[in-house]
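Below is one structure, written out as structure tokens, with a few remarks after it.
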Amino acid sequence: MKRLLALLAACVTALGLTGLLGPQAVAGPRAVAAAGCRVDYTVTSQWQGGFQAGVKITNLGAPVSGWTLTFALPDASQKIVQGWNATWSQSGSAVTATALDWNRTLATGAAADLGFTGSFTGANPKPTAFALNGVPCTGSVEEPPPTTPGDGTPVGVNGRLHVCGVHLCNQYNRPVQLRGMSTHGIQWFSKCYNTASLDALAKNWKSDLLRIAMYVQEDGYETDPAGFTGRVNGLVDMAEARGMYAVIDFHTLTPGDPNYNLDRAKTFFASVAARNAGKKNVIYEIANEPNGVSWTAVKSYAEQVIPVIRAADPDAVIIVGTRGWSSLGVSDGSNESEVVNNPVNATNIMYAFHFYAASHKDAYRAAVSRAASQLPLFVSEFGTVSATGGGTLDRASTTAWLDLLDQLKISYANWTYSDAPESSAAFRPGTCDGGDYSSSGVLTESGTLLKSRISTPDSFPTS
Ligand code: IDC
């Protein structure tokens, strides 16, 4: 049926009948034939028997409010294993990717970023005959190659990171502070993470890192382990191509005991660690915010998950969440001493500290000031607003926090690089439906403040 519709749309265009029949002649999403399109196909990584590819569709014709991309796999051994940002199907060598509700509208010049993991044997040639709504897409352009040392990007300058004393250190064994942004839940805001938004994050915001918040519950990982694993890997590659570090956040939240997700964590981290072991830009965060659970239980979880990562990727930095929503226990009436006196039995690890500036003030800053000389800390999430993610931006408290983190060289990621309808989001609602992530008009008050803090020069030590 679909093929018939595409054929019909193609014939209609060929005969110049679009005006006559109109889009209503085709049922379902408006399969209006585009006048032209471009597809950028990039193999972002390849391993024994498998590969991952990004497919960027740019609509060069009239706006469409529904689209289907078709292409041919040139090698019979190639199979689509898992795709994202479209509904994917394969019949023989013919592949069809149909728009999802959130990316079905493509204005003239607008792009949609899709991707998939595939399997293959042999040479793995690129697909051919890309067509959008039946119209051939010509003019494929390659993405720039991944970062090389000396290119001036954060990963290019610092290389692989490690923990030295209480600091995060670069390839010259010198302390560095990474400043960057966290995604919102990728199950909800996937559309915000695409070529244009990550270009803006790297070049315009000059962000050092992207934290990839993969919720486990709330329609997250547990509903589609392979799909979320693929999407996380795709974002790791997109960060790498732009010289940014990627924090892979196993975003446990409710329930608060990370042990509830112990088996899922082992499965997930075994897979992402094996796949990303060769990369310099990956940091693993094994439990977002333990809550309602003792430090002993969190430590036990960490000591079971860390060896799984180490078995595949021995050298990467790992961040361990702390008690009381990663408050070092403070939100549960405790403090950093429970960690100092009973640290996780592992090396090259850091402890997460999270805060929301309007809710967490002097007592929390005092705890961080004390703990910073005893524990390697990483602020893998913080907000400028209240702990609900909403409310008024607290500029004074945010500034006090960021000044403290700068002084202590503690790395941070802000919640969120998204257009969620809440004051913690950096972009105004609706921004992710368009292609502009870099002009000041798309920023919220929080986004404006964070961009001004993050985009200042890093001056990473190089000797
Ligand atoms: C919030 C989101 C909100 C979502 C909620 C439930 O901003 O849109 O509905 O989660 O999942 C955290 C958590 C983070 C929270 C954030 C704000 O790590 O998931 O996001 N927050 O409440 N800890 C403290 C605050």
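Just so you know, these numbers use all the heavy atoms, side chains as well, and skip hydrogens, waters and symmetry mates. Indexing begins at 1, ligand by ligand and atom by atom, following the structure's order.
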- Message: Using a 4.0 Å cut-off to any heavy atom of Asn288, which atoms of ligand 1 qualify?
- Response: 18 (O)
- Counting only N and O atoms by type, is there a donor-acceptor contact under 3.5 Å from the side chain of Ser334 to the main-chain atoms of Val330? no
- Distance-only N or O hit between ligand 1 and Leu253, under 3.5 Å: no
- Message: Return the closest protein heavy atom for atom 12 (C) of ligand 1 as residue, atom name and distance.
- Response: Glu381 OE2, 3.0 Å
- Item | Numbered atoms of ligand 1 (with element) below 4.0 Å of Thr388, judged on heavy atoms | 17 (C), 22 (O)
- Query: Do you know which of Trp415, Phe228, Trp188, Tyr221 makes ring pair (Phe, Tyr, Trp, His ring centres under 6.0 Å) with His251?
  - Reply: Trp415
- Item | Option nearest atom 21 (N) of ligand 1 (shortest heavy-atom distance, choices Trp325, Tyr356, Trp415) | Tyr356
- Classify the angle between the aromatic ring planes of Phe353 and Trp401 as parallel (below 30°), tilted (30 to 60°) or perpendicular (above 60°). tilted
- Task: Please indicate whether any nitrogen or oxygen in His354 is less than 3.5 Å from any nitrogen or oxygen in ligand 1.
- Result: no
- Message: Is there a side chain to side chain donor-acceptor pair (under 3.5 Å) between Asn194 and Asp113? Walk through the geometry before answering.
- Response: CA-CA 6 Å; Asn194 53 56; Asp113 276 285; 5.3 Å; no
- Message: Is there a polar contact, in the sense of an N or O pair closer than 3.5 Å, between Trp188 and ligand 1?
- Response: no
- Item | Parallel, tilted or perpendicular: ring planes of His360 versus Tyr364, cut at 30 and 60 degrees | tilted
- Task: State plainly whether the residues Arg365 and Asp403 are in salt-bridge range, i.e. N to O under 4.0 Å.
- Result: no
- Query: Less than 4.0 Å between a side-chain N and a carboxylate O, is that true for Lys191 and Asp101?
  - Reply: no
- Taking the minimum heavy-atom distance to atom 3 (C) of ligand 1, which of Glu422, His251, Glu218 ranks first? Glu422
- Ala387 to ligand 1, any heavy atom closer than 4.0 Å: yes
- Starting from atom 10 (O) of ligand 1, which protein heavy atom do you reach first, and at what distance in Å? Tyr215 OH, 3.0 Å
